[in-house]
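The figures here come from the full heavy-atom set of this structure, side chains too, leaving out hydrogens, waters and symmetry mates. Reminder, nothing fancy here: chain letters follow the sequence lines and each chain counts from 1.
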Number of protein chains: 2
Amino acid sequence: MDRRVTKKDDGTSGKERPTLKTLAFMTGLGVTTVSRALKDAPEIGAETRRRVQLVAKQIGYRPNRAGVRLRTGKTNVISLVLNTEHELMSFVSDIIYGVTEVIADTPYHLIVTPYSRSQDPLDPVRYLVETGSADGVIISRAQPNDPRARYMLERGIPFATHGRTDMGLVHPYHDFDNYAFAGEAVRYLAGRGRSRLALVTPPVGLTYHGHTVNGFADALSEVGASEVPFNTVSIDQSIEQIRMRTAQLMRRKDRPDGFVSSAAAATLAIVAGIEDAGLKLGRDVDVVSKQSSELLHLFRRELLVVNEDFRLAGSELARAVLGWIGGADPGSLQSLSTPSEVLAYRG
Amino acid sequence: MDRRVTKKDDGTSGKERPTLKTLAFMTGLGVTTVSRALKDAPEIGAETRRRVQLVAKQIGYRPNRAGVRLRTGKTNVISLVLNTEHELMSFVSDIIYGVTEVIADTPYHLIVTPYSRSQDPLDPVRYLVETGSADGVIISRAQPNDPRARYMLERGIPFATHGRTDMGLVHPYHDFDNYAFAGEAVRYLAGRGRSRLALVTPPVGLTYHGHTVNGFADALSEVGASEVPFNTVSIDQSIEQIRMRTAQLMRRKDRPDGFVSSAAAATLAIVAGIEDAGLKLGRDVDVVSKQSSELLHLFRRELLVVNEDFRLAGSELARAVLGWIGGADPGSLQSLSTPSEVLAYRG
DNA sequence: TTGGCAATCTGTAACGTTTCAGTATAGTGA
DNA sequence: TCACTATACTGAAACGTTACAGATTGCCAA
């Protein structure tokens with residue numbers, strides 16, 4: 001389909017979207033001059049510059065993305081790579097909003113690149129890099145030895161990870177301090193007289209699984225509480241699985257009197273399992289859980305919660321990627337978010 | 001930044017991404033022939049065609065999006081326009097996955113275009129159309145008289161709406177049959193002996209608000225139940241607001257003995273309000289609620305639920321937009337999803 | 001006056017693709 | 001043999017942008 005209206009667009013055809021040529025015609029300048037004037041190049045006279053920018057604003061000139069991208073290779077796109085099965089629901093929503101918030105007044109667009117359970121997590125990243133579809137990439141579910149991070153570092157494409165890696169390679173990340181979270185949770189439970197604690201871990205293989213486990217273990221020995229092993233369960237299992245396993249656990253006589261849970265959805269299942277076993281939350285057992293939206297206290301007011309802000313994570317990750325694209329030192333684009341105190345229901 | 005390696009790429013420089021020129025060089029054909037061979041043009045010899053396609057596959061040729069877009073105007077992008085404040089959490093996540101599922105084996109990318117409370121909902125749509133940033137658009141929160149739909153129809157850009165409009169204009173949509181949902185809910189409650197029902201409506205102004213209200217009203221008179229007005233509340237208010245208003249309502253002596261709620265988050269607040277007033281779910285009052293993930297039965301097993309599948313919505317919307325882009329009749333790209341039966345907790 | 005230089009501005013080419021307007025070759029009918 | 005046509009292919013131009021390598025002007029030092 002050829003959309004031409006006149007044989008040779010002199011920029012006067014009105015209806016069409018204005019281009020540099022349109023601006024050049026209107027200002028009586030050359031296309032090159034207009035291009036440079038718009039990006040404040042120093043060799044353009046101050047008045048010319050102002051004039052061009054004024055006209056551009058007046059007629060609503062917007063650079064053609066395809067033109068820029070073809071010429072410069074710059075896509076003005078950042079891609080968020082998400083697992084279609086295992087991401088937390090609120091995570092997806094909030095992180096997207098966090099990212100869009102930051103890129104709102106930049107020329108960047110956000111594309112969502114999904115991958116499914118069956119795929120190698122490296123696939124979508126490889127696709128993005130090979131096709132040059134984005135200037136920067138955000139990935140979640142970071143692993144200690146993360147092939148995606150390694151790959152992108154090799155290829156020199158800016159990226160940021162949600163969660164840290166542990167490969168001795170430096171790259172931007174944003175992470176929630178899950179070591180601190182687990183520690184706080186244990187100390188809080190100990191403060192309420194709980195001494196036999198079970199941990200519902202993040203998915204094995206992800207970096208923050210280790211952080212959480214360590215924080216839990218270190219705090220346990222600090223307060224002199226003991227762990228009730230619950231290794232068969234992690235937060236990306238199905239609600240039914242977690243519920244069933246929890247009920248099983250709670251029917252044993254060496255059952256825990258406290259839980260630390262790394263995700264709200266898992267917590268719902270844990271509570272259901274506890275109640276299936278005929279026990280009562282707050283009396284027989286306490287549960288400290290992370291949550292990303294303020295819903296757990298509605299669910300059971302006895303729940304003890306720590307908030308994790310995924311929207312903040314999205315913003316930080318976007319800032320990090322943009323920073324790296326902008327030439328900043330990747331090592332300076334790392335942030336760690338400190339957990340709030342454990343919150344009990346008030347009122 | 002100029003990324004050229006050789007003065008004139010003859011397609012042999014190896015490291016660079018292959019282009020049509022590379023293929024032309026390798027096959028000994030002209031660039032034009034290669035281009036046409038790849039898209040099965042009839043005037044290319046059958047053997048040549050196969051040969052070109054083989055080589056292309058071998059070296060992993062991928063058309064350059066910027067090149068195509070610049071030349072043809074086709075972006076191979078569809079944009080999902082979302083409100084950053086009012087969308088339901090699960091909606092965002094599920095609809096995105098639904099869309100990506102459908103476009104997974106097409107050349108399309110999904111970009112997320114957000115707008116905030118303070119903005120005119122038309123803004124992001126106008127931006128997309130004016131900058132030609134997408135071949136198709138998906139919008140949510142459809143209104144009976146929707147300026148966005150009207151605008152896109154005028155501009156001739158393919159789109160689909162989540163929810164119907166009511167302007168006498170035909171365009172693709174996917175909708176959940178909220179009239180049927182509200183009706184089912186009322187009949188179910190009536191079947192349990194409930195006769196004084198309150199409706200927690202969708203946001204006023206959206207089309208499905210009307211559908212829900214009508215379904216509710218029609219079923220009420222059908223079963224001979226009465227409505228307890230609860231117009232001060234709708235599902236996009238804050239949890240606290242809904243909770244407080246519900247508690248107020250439930251302390252009155254003419255309180256309802258049944259609720260129909262259009263969203264899970266609101267339902268949590270309603271239940272909290274009910275319990276704040278010292279009443280018990282299932283005994284004093286029943287609540288039928290829509291939900292999009294299977295969590296409400298964990299929350300209170302007495303809740304009665306109807307499932308709405310947002311992932312399906314995403315898929316249907318994507319299919320609709322792609323269909324329209326592909327030249328299908330917009331009127332044939334409309335779908336309505338029928339609610340499941342009301343589900344009580346089993347087991 | 002001349003040469004040099006700084007300050008501004010400009011034309012051309014190129015990014016990768018598709019469309020247009022051909023060209024070359026072989027085959028057909030007279 | 002010739003004109004004609006169908007088949008298979010091709011180069012050039014264009015989409016909108018930026019980088020490169022000039023051009024033009026005015027001013028100043030020599």
Side-chain angles (χ1 to χ4, degrees), chain A residues 1-11 13 16-25 27-52 56 59 61-76 107 131-133, chain B residues 1-11 13 16-25 27-52 56 59 61-76 107 131-133:
Chain A
M1 184 203 344
D2 200 319
R3 291 153 299 105
R4 273 172 305 175
V5 168
T6 57
K7 220 52 182 153
K8 191 87 174 174
D9 176 27
D10 57 3
S13 17
E16 302 292 304
R17 195 148 86 90
T19 70
L20 287 182
K21 207 185 289 181
T22 320
L23 284 178
F25 179 80
T27 55
L29 296 165
V31 172
T32 303
T33 309
V34 172
S35 172
R36 314 207 9 109
L38 287 177
K39 43 178 58 68
D40 285 321
E43 64 270 48
I44 303 297
E47 196 203 307
T48 305
R49 188 157 44 203
R50 263 179 299 131
R51 196 159 59 90
V52 170
I59 66 175
Y61 167 77
R62 311 271 208 149
N64 179 302
R65 312 193 116 231
V68 175
R69 181 165 170 175
L70 182 57
R71 177 64 238 238
T72 64
K74 182 135 210 279
T75 62
N76 283 311
T131 61
S133 288
Chain B
M1 182 206 340
D2 199 318
R3 289 153 302 106
R4 273 173 304 176
V5 169
T6 57
K7 221 48 178 161
K8 190 87 173 173
D9 176 28
D10 57 2
S13 16
E16 302 293 303
R17 195 148 87 90
T19 69
L20 288 183
K21 207 184 290 181
T22 320
L23 284 178
F25 180 82
T27 55
L29 296 164
V31 173
T32 303
T33 309
V34 173
S35 172
R36 316 196 68 154
L38 287 176
K39 41 177 58 67
D40 285 321
E43 64 268 48
I44 303 297
E47 195 203 308
T48 305
R49 189 159 40 204
R50 263 180 299 131
R51 196 159 60 90
V52 170
I59 65 174
Y61 167 77
R62 312 270 208 148
N64 179 303
R65 313 193 115 232
V68 175
R69 180 164 172 176
L70 182 56
R71 177 63 238 239
T72 65
K74 181 134 212 280
T75 61
N76 283 312
T131 61
S133 289

Visitor: What is the distance from CZ of A/R69 to P of D/dA19, rounded to the nearest Å?
Guide: 17 Å
Visitor: NA contact type, A/G67, heavy-atom cut-off 4.0 Å: base, sugar-phosphate, or nothing?
Guide: base
Visitor: State, with a plain yes or no, whether a side-chain heavy atom of A/L23 is found less than 4.5 Å away from one of A/I59.
Guide: yes
Visitor: Side-chain N or O of B/T33 versus OP1/OP2 of D/dT10: is the shortest distance under 4.0 Å?
Guide: yes
Visitor: Would you kindly compare B/K39 and A/I44 by the position of their nearest DNA chain C nucleotide and give the one closer to the 5′ end?
Guide: A/I44
Visitor: Which atoms form the tightest heavy-atom contact between B/T75 and B/G132, and what is the distance?
Guide: CG2-O, 3.2 Å
Visitor: To the side chain of A/T32, which of D/dA19, C/dG16, D/dT17 is closest?
Guide: D/dA19
Visitor: So, does B/S35 get its side chain near the phosphate of C/dT17, meaning an N or O under 4.0 Å from OP1 or OP2?
Guide: no
Visitor: Check whether any side-chain heavy atom of A/R17 lies under 4.5 Å from a side-chain heavy atom of A/N64, and answer yes or no.
Guide: yes
Visitor: Contact class for A/L20 vs. all strands (heavy atom < 4.0 Å): base, sugar-phosphate, or nothing?
Guide: base
Visitor: What is the separation between atom CD on B/E43 and atom C1' on D/dT10, rounded to the nearest whole Å?
Guide: 12 Å
Visitor: So, does the side chain of A/R71 form a donor-acceptor pair with the base of D/dT18 at under 3.5 Å?
Guide: yes
Visitor: Quick one: closest heavy-atom pair of A/R69 and B/A66, and the distance?
Guide: CG-CB, 3.6 Å
Visitor: Checking all strands, does B/G28 fall into the base, sugar-phosphate, or nothing category for heavy-atom contacts under 4.0 angstrom?
Guide: sugar-phosphate
Visitor: Write down the distance between CD (B/E47) and P (D/dT7), rounded to a whole number of angstrom.
Guide: 18 Å
Visitor: Just the rounded figure in Å: distance from C1' of D/dG11 to CZ of B/F25.
Guide: 18 Å
Visitor: Starting at CG of B/L70 and ending at C1' of C/dA14, how long is that distance when rounded to a whole Å?
Guide: 12 Å
Visitor: To the nearest Å, give me how far apart CG (B/L23) and C1' (C/dT17) are.
Guide: 13 Å
Visitor: Is the phosphate of D/dA8, meaning OP1 or OP2, less than 4.0 Å from a side-chain N or O of B/T48?
Guide: no
Visitor: Considering just the side-chain nitrogens and oxygens of B/K21, establish if one lies under 4.0 Å of OP1 or OP2 belonging to C/dG16.
Guide: no
Visitor: Applying side-chain contact (heavy atoms from CB on, under 4.5 Å) between B/I44 and each of B/T32, B/L38, B/T33, B/L29, report the one that passes.
Guide: B/T33
Visitor: Check whether any side-chain N or O of B/R65 sits under 3.5 Å from a backbone N or O of B/P107 as a donor-acceptor pair, and report yes or no.
Guide: yes
Visitor: For the pair B/R36 (side chain) and B/E43 (backbone), establish whether a donor and an acceptor sit closer than 3.5 Å, ignoring hydrogens and angles.
Guide: no
Visitor: Heavy atoms only: give me the nearest B/V68-B/P63 pair and the separation to one decimal.
Guide: CG2-CB, 4.3 Å
Visitor: What is the distance from CD of A/E16 to C1' of D/dA14, rounded to the nearest Å?
Guide: 14 Å
Visitor: Does A/R65 or B/R49 map to a spot on DNA chain D nearer the 5' end, using the closest nucleotide for each?
Guide: B/R49
Visitor: Angle between the end axes of the helix from C/dT1-D/dA30 to C/dA30-D/dT1, five pairs per end, to the nearest 10 degrees?
Guide: 60°
Visitor: Which nucleotide wins on minimum distance to the side chain of B/L29, given the candidates D/dG11, C/dT17, D/dC9?
Guide: D/dC9
Visitor: Measure the distance from CG on B/L38 to C1' on C/dG16 and round it to the nearest whole Å.
Guide: 13 Å
Visitor: Using only heavy-atom distances, decide whether a donor-acceptor pair under 3.5 angstrom links the side-chain of A/T19 to the base of D/dT17.
Guide: no
